[in-house]
Enquirer: 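Take a look at the following structure, please.
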Amino acid sequence: MDLISRRNILSIAASGGLLTASGATAQTAVPQPERPGHGGTEPLERDRQNQDLLVPPSTDHGTLPNLRFSFSDAHMRLEPGGWTRQVTERELGVSKDIAGVNMRLNVGGVRELHWHKAAEWAYMLYGTARITAVDAQGRNFVDDVGVGDLWFFPAGIPHSIQGLNPDGCEFLLVFDDGDFDEDHTFLITDWFKRTPSEVLAKNFGVSASFFGHTPDPSERYIFLAPVPGPLQPSNTAGATAVPRGFSHRMMAQQPIKTKSGTIRITDSGVFPVSTAIAAALVEVDPGGMRELHWHPNTNEWQYYIEGQARMGVFGASGQARTFDFQAGDVGYVPFANGHYIENTGTTQVRFLEIFKSSYYADVSLHQWLALTPPELVEAHLGLGAEVMKGLRKGKTPIVPA
Ligand code: MN
Ligand code: MN
């Protein structure tokens, strides 16, 4: 939609309608921050992307913290081989346990050999990449990953990522520490720069004259290098492979399917090395909704890949708040808070639920009621026979089921 100044919107709205591109008059095209008897008028362009913040459902109440931050609002670090941006505790204050990075590597672009204190989990959003790692037992790992593939590097394990033909890659990184900073990792060029040449000479058993000309760390980090050829056994000749692979094909998993969408759950049960992060990839069709539920183990950190959605979060003590989401947004649900995610658009919503945990777990409101003695449920809610007999004992993550 074109940018329309707030004054124009007000004058158009006051005249009773908004002219569409075809010249027809669309009634009530501009939502106003009002409910009958409450509110007033004053919508900005940005407000219209956040209709449930602008006009909160009347069930919203209290002061839940901000539970959304968009990568589009984060600082973009541009480098010769690509770009990177991050949503950490600094951007999304409520997230103490998880930070996210969105990175693009152009073809040949390398995220420099490095390591860090946090564990790193990744989801490939676009293109293909080659990833490498070596573990503490001296075993190595090299693999090519594509859209929908995951990787997991345990804390302290050195690794690299490189964009492959034809157009590099883009991916989401998730770290098990909200305070993680992608700009403060242990870079290989940095260590060489900060180590006397004589020490490097002794370490590698060669003359000191071979050292002292290492590129400045600011010239690496994300830099362009020759695109490697196809993956071959000779790439890892003479080495022992890690016993539990650091990558996983999430899309090869058989999803849980309902009439309105799918969910693929990947935790250490199917991706054994991923002991710090569990995840679910959720697809919700138009009109569908990720059902009312909560997680009994930990907070939920979300990344919206495509589509439009709203999430309502219930925080006990009469508190509830609703947020709108689109591609590139991060969402957050504090531990044990009840929530739903509803597709509010005309296309499929795809998002990731991510947990700092070795296992995935959720509790379904629907299933809870179905498996509790009906007289007891009736005594609480007085739902009536029609609702009670429709309760399903099986779990239905996406509804209508
Ligand atoms: Mn890393
Ligand atoms: Mn959830």
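Side-chain atoms are counted along with the backbone in the values below, which use heavy atoms only and exclude waters and symmetry mates. Numbering of ligands and ligand atoms starts at 1, following listing order.
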Enquirer: Please name the atom of His339, limited to N, O or S, that comes nearest to the Mn ion (ligand 2).
Expert: NE2
Enquirer: Checking one value in my table: which N/O/S atom of His114 lies closest to the Mn ion (ligand 1)?
Expert: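 Nearest N/O/S atom of His114: NE2.
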Enquirer: Under a 4.0 Å N-O cut-off, is there an ion pair linking Asp183 with Arg77?
Expert: yes
Enquirer: For the Mn ion (ligand 1), find the closest N/O/S atom on Glu120 and give its atom name.
Expert: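 Sorting the N, O and S atoms of Glu120 by distance to the Mn ion (ligand 1) puts OE1 first.
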Enquirer: Is the distance between the ring centroids of Trp151 and Phe246 under 6.0 Å?
Expert: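 When the ring centroids of Phe246 and Trp151 are compared, they turn out to be at least 6.0 Å apart.
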Enquirer: Closest to the Mn ion (ligand 1), which N/O/S atom of His116 is it?
Expert: NE2
Enquirer: So, Asp167 and Arg104, do they make that salt bridge, N to O below 4.0 Å?
Expert: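 Salt bridge: yes.
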Enquirer: Which word best sums up how the rings of Phe153 and His159 line up, parallel for under 30°, tilted for 30 to 60°, or perpendicular for over 60°?
Expert: parallel
Enquirer: Given the side-chain rings of His116 and Phe175, with only the six-membered ring counted for Trp, is the space between their centroids under 6.0 Å?
Expert: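 Under 6.0 Å, so yes.
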Enquirer: Can you tell me, to 10 degrees, how wide the angle at the Mn ion (ligand 2) is between OE1 on Glu300 and NE2 on His293?
Expert: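 Taking the Mn ion (ligand 2) as the apex, I get 170° for this pair.
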